[in-house]
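Worth knowing before you read on, the calculation uses all heavy atoms, side chains too, and leaves out hydrogens, waters and symmetry mates. Each chain gets a letter, A, B and so on, in the order its sequence line appears, and its residues count up from 1.
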Number of protein chains: 2
Amino acid sequence: MKTLIIVSHPEIDESGSQQYLKEALPDTAEVTYHHLESTYPAGKIDIKQEQELLQNHDRIILQFPLYWYSSPPMLKHWLDEVLTENFAYGFGGNKLKGKELGLVLVIGMPEKEYQVGGREGFSLSALTTPYQAMAKKTQMHFLKPFLIFQFHYMEEIEKMRMLIAYQQYLMIEDFDTLRAKETWFLQQLDTINEETLPAGSPFVLEQVKELIEDNRMELDEIQMYLDQAGGSW
Amino acid sequence: MKTLIIVSHPEIDESGSQQYLKEALPDTAEVTYHHLESTYPAGKIDIKQEQELLQNHDRIILQFPLYWYSSPPMLKHWLDEVLTENFAYGFGGNKLKGKELGLVLVIGMPEKEYQVGGREGFSLSALTTPYQAMAKKTQMHFLKPFLIFQFHYMEEIEKMRMLIAYQQYLMIEDFDTLRAKETWFLQQLDTINEETLPAGSPFVLEQVKELIEDNRMELDEIQMYLDQAGGSW
């Protein structure tokens with residue numbers, strides 16, 4: 001699965017959250033990072049090239065700070081220019097059909113304000129309706145958005161947890177199943193060069209891997225038992 | 001009441017609907033027409049001047065073609081630049097408080113597609129959530145949007161009816177009450193120079209005015225009767 005991250009931020013070098021996300025990008029050819037404002041500083045978009053980029057990826061992520069409940073103007077410009085009739089919709093316009101559309105939103109206010117009675121008053125599910133409608137029109141699968149609230153108030157450990165979830169959001173098919181996360185963790189552990197670790201650590205890593213695998217076997221056994229018992233809701 | 005129409009369209013000279021609306025603008029100092037792309041062709045916005053413009057008006061209208069369920073990028077740029085903290089929201093940021101916010105949206109698809117099961121799948125009430133949230137944050141009153149569906153398929157008589165409703169949307173307080181519309185029609189009739197009319201027409205106009213006034217008196221009498229009868233639901 002190939003993932004394209006379309007990032008829009010007018011002053012990305014000054015954004016702590018965007019820099020943090022960028023530095024944590026997995027080092028793999030499966031993930032393409034594409035910052036619009038630096039690719040097209042004059043705003044003139046190469047439509048054909050952008051459309052090819054979209055066609056070469058399976059999961060399309062729009063990543064931006066939520067300003068006035070929507071994207072920065074450059075991403076809107078990109079949408080208006082690139083998602084043309086006969087490409088993204090309309091007659092013959094099925095080039096995005098079956099791909100996934102994800103949102104990574106960096107949000108300044110706390111999560112609890114985005115509900116009735118909260119200071120923002122509307123949920124993110126309601127505020128992102130235009131993107132859901134876009135996914136419908138282009139026949140893409142709309143993924144659960146990845147929401148980062150108040151990055152600057154997050155503790156270091158929260159940021160690291162967020163980062164792992166972010167990498168999974170970029171790379172894992174069915175990213176919100178436990179099974180997919182297990183597989184991903186095992187793959188990550190396998191990529192560690194054990195020679196660089198302090199004495200004793202390789203042994204701990206082996207133990208962790210075995211634990212995850214044992215856990216999965218037990219879960220599978222329970223599932224099998226439930227299936228045989230014909231358990232239904 | 002002073003009304004500011006903030007228009008955003010990247011190629012306004014080629015837009016039949018925008019030209020039609022522009023030509024029908026009432027000739028009064030109460031309505032200011034402000035096209036962003038031609039005011040700021042290089043995109044550099046004079047923030048202070050725009051904020052003053054907002055403060056000098058009571059009803060703020062955002063008028064644009066709905067592209068990908070949102071505004072053209074220039075209007076988004078304007079919102080991000082002009083509606084600053086301490087002006088539009090936050091500490092001391094109550095400069096828009098109590099004003100009205102209206103939307104005039106030109107929409108390419110038919111109205112019936114904007115519902116569950118329709119080809120667009122989402123209502124305009126849902127798609128405009130970001131603007132409703134903006135009105136809430138800036139303490140403005142969100143008006144019922146003025147929606148123009150498939151302008152190019154409208155018959156001449158439909159366009160003229162739409163135009164009258166548009167002028168009322170711009171100029172009348174409580175624009176969707178019958179009483180306000182009556183008053184507006186009477187005012188419009190009064191501005192007609194009778195000397196320019198063909199013979200007989202001035203008499204017809206007088207009759208129309210009397211009819212509207214008689215109608216209103218009768219409605220008021222019925223209302224008074226209902227009030228005295230203590231009619232309650």
Working for side-chain contact (heavy atoms from CB on, under 4.5 Å), residues B/T84 and B/Y89 | CA-CA 7 Å; B/T84 54; B/Y89 67 97; 6.0 Å; no
Go through A/R59 and A/L4 one step at a time and tell me if the side-chain contact (heavy atoms from CB on, under 4.5 Å) criterion holds.
-> CA-CA 6 Å; A/R59 179 173 292 171; A/L4 174 64; over 6 Å; no
Check the pair A/H141, A/K99 against side-chain contact (heavy atoms from CB on, under 4.5 Å), reporting the backbone distance first and the verdict last.
-> CA-CA 6 Å; A/H141 300 296; A/K99 295 185 190 294; over 6 Å; no
Does the pair A/I61 and A/F146 meet the rule for a side-chain contact (heavy atoms from CB on, under 4.5 Å), with working shown?
-> CA-CA 10 Å; A/I61 306 280; A/F146 188 85; over 6 Å; no
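Heavy-atom neighbours of chain A within the stretch residues 66-77 of chain B, taken at a separation under 4.5 angstrom, comprise B/Y67, B/W68, B/Y69, B/S70, B/S71, B/P72, B/P73, B/K76, B/H77. Within residues 100-128 of chain B, the residues having any heavy atom less than 4.5 Å from a heavy atom of chain A are, in residue-number order, B/M109, B/G118, B/R119, B/E120, B/G121, B/F122, B/A126, B/L127. Among the residues in residues 9-45 of chain A, none has a non-hydrogen atom closer than 4.5 angstrom to a non-hydrogen atom of chain B.
For chain B, no part of A/Y131 is nearby; none of its heavy atoms comes within less than 4.5 Å.
Salt-bridge annotation for A/K181 and A/D174: absent, with no side-chain N of the basic residue lying under 4.0 Å from a carboxylate O of the acidic one. The pair B/E52-B/K48 meets the salt-bridge criterion, since a charged nitrogen lies less than 4.0 angstrom from a carboxylate oxygen.
A 6.0 Å sphere centred on CE of B/M160 holds no more than 12 heavy atoms belonging to other residues, nucleotides or ligands. The 12-atom threshold is exceeded at CD of A/E85, counting heavy atoms of other residues, nucleotides or ligands nearer than 6.0 Å.
In this structure the side chain of B/L53 never reaches within 4.5 angstrom of the side chain of B/V82, judged on heavy atoms. Put simply, the side chain of B/M134 reaches to within 4.5 Å of the side chain of B/L62, judged on heavy atoms. Within the 4.5 Å cutoff, the side chain of B/D46 has no heavy atoms near those of the B/E81 side chain. Residues B/Q187 and B/T191 are not in side-chain contact: their nearest non-hydrogen atoms beyond the backbone lie 4.5 Å or more apart.
The salt bridge (Lys or Arg N to Asp or Glu O under 4.0 Å) test applied to A/E158 returns no partner, not counting sequence neighbours.
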